[in-house]
2 protein chains.
Amino acid sequence: MAKPKAASPDDQAGTKRENRREELLRKAADLIAQKGFEGTSMRDIASAVNMLPGSLYYHFKSKEEMLLEIHQRVVDGMFERVETAIAAGHTPWEQLENASVAHFEGLIESRNLVNIISPNFPEERGALNEQIKAHRSRYEDIFRGLFDRLDLAPGVSKNVLRLQLLGALNFAPFWFREGGGLSAADVARQFTSNLRHSCEAGEGR
Amino acid sequence: MAKPKAASPDDQAGTKRENRREELLRKAADLIAQKGFEGTSMRDIASAVNMLPGSLYYHFKSKEEMLLEIHQRVVDGMFERVETAIAAGHTPWEQLENASVAHFEGLIESRNLVNIISPNFPEERGALNEQIKAHRSRYEDIFRGLFDRLDLAPGVSKNVLRLQLLGALNFAPFWFREGGGLSAADVARQFTSNLRHSCEAGEGR
DNA sequence: CCTACCGATCGGTAGG
DNA sequence: CCTACCGATCGGTAGG
């Protein structure tokens, strides 16, 4: 009972659907970055790819599943980018600087999607929230490792220093505009350097 | 045609309504801090004060007007608090440290309402957004003034340093929990000190 | 401040 | 992937 799929070429039969799915995720990510998750309706997303609202559910089980997949991908992208940047550094502080630049450039390129989704997500969405936190926490472990290898002046806490640097970087997309005097890399490097020279062991403090 | 207002005591006639309004604003602020602005319905707010949804419009013209008034009040509170803290400091760096502590304590007490409202507000809400930005910008001018008076090492930008400190403080409510090892004041002081010793003029850099 | 209601929009589904 | 539709919920209003 071999039943060939009508006219569509064999080697693209499964891929066409996946391509459409990719397009959907990209467009949805764009919209969510602009208007937030609650502010973006399934109808908005559908019409952005010339679909009817109900048809989205052929590709995704729910709006939340869509969000989760977008978040996953953005975080995975950041993960790779930061790991690569770290590999190019030779000292712990150099590695941290590289990681900061990669992190911040990633935030800007993804239109700050991770920060829009992760920390601002309303409390009550139980299950979804925990998965989002898990993605993010795995990513942040990279930075934990980086700060562990730093040699800090006495009295300076690794944890506080990490949260200070990441906080400043994570907040920066809210004011940073490309084409100003500073590039994204400049901002990340200055943030790192401003903290380095006082917290590094051996500096007069 | 003098027409006394039935039974209610004269000296509370106008105040009762205002008290109710205050209660409404406090409850609404609580809810918005928990679930965000879009996530909080007028029905949520009404039932939190044992009112019927339609009755809210006896006190407020619209949901947006309510938000604007909440934001205004929170920012005004922060303004006063920070100005007072600054007045207690004797050197520019001491004043900055005091301001950081006051700012962060204010964020925590108000459950980070300013940051939840201001930077994360979706783009398209034209008029509302501009008023919110105006409130906030007037407040942030305090910090601009503070950094202007700082004597910084060559190569350190006042603007970048200010955005770095405020960014770290503004992001911190997302991870900070009271009752941990550090108080809010500890966090703010360490953030300031971590930046100070490398960026202050005269430090080996 | 309540009663009673409006039009609009939401996420999602059945059946093809 | 479309057609056609569901129940729920939203901000807001008229009239008292």
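Letters go in sequence order (proteins before strands), and every chain restarts at 1. Everything numeric here is computed off the predicted structure, so don't read it as measured data.
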Contact nearer the 5' end of DNA chain C, comparing A/Gly54 with A/Asp44: A/Asp44
Main-chain N/O of A/Phe143 paired with A/Arg162 side-chain donor or acceptor, under 3.5 Å: no
Nearest-Å distance for atom pair CD1/C1', residues B/Ile45 and D/dG12: 13 Å
Flag, side chain of B/Asn170 to backbone of B/Leu166, donor-acceptor distance under 3.5 Å: yes
Nucleotide nearest A/Leu52 when distance is taken to its side chain, options C/dC1, D/dC2, C/dG11: D/dC2
N/O (side chain, A/Ser55) to phosphate O (OP1/OP2, D/dC2) under 4.0 Å: yes
Touch class at under 4.0 angstrom, heavy-atom based, for A/Arg43 against every strand present: base
From C/dC2, C/dG12, D/dC10, nucleotide with atom closest to B/Met51 side chain: C/dC2
Stems formed with participation of DNA chain D [Watson-Crick or G-U wobble, under 3.5 Å, three or more pairs]: C:1-16 with D:1-16
Salt bridge flag under 4.0 Å for residues A/Glu22 and A/Lys27: no
Residue A/Met42, side-chain atoms from C-beta onward, closest of D/dC1, C/dG11, D/dG11: C/dG11
Whole angstrom value for the distance that separates P of D/dT13 from CZ of B/Phe60: 15 Å
Between P of C/dG11 and CD of A/Glu65, the distance in whole Å: 15 Å
Whether A/His135 and A/His71 hold their rings parallel, tilted or perpendicular, with breakpoints at 30° and 60°: parallel
Nearest listed nucleotide, side chain of A/Arg20, among D/dG12, C/dC1, D/dC1: D/dC1
Near-ring test A/Phe104/A/Phe191, centroid separation under 6.0 angstrom: no
Gap between atoms CD and P, on B/Glu38 and C/dC10 respectively (whole Å): 12 Å
Integer-rounded Å distance: C/dG11 C1' and A/Glu64 CD: 10 Å
Residue pair B/Arg189 / B/Asn98, side-chain donor-acceptor N/O under 3.5 Å: no
Euclidean distance, atom CG of residue B/Asn19 to atom P of C/dC1 [Å, nearest integer]: 11 Å
Under 4.0 angstrom between A/Tyr57 side-chain N/O and C/dG12 OP1 or OP2: yes
Euclidean distance, atom NZ of residue A/Lys61 to atom C1' of C/dG12 [Å, nearest integer]: 13 Å
Carboxylate-amine/guanidinium proximity below 4.0 Å for B/Glu130 and B/Lys133: no
Integer-rounded Å distance: D/dC2 C1' and A/Leu56 CG: 12 Å
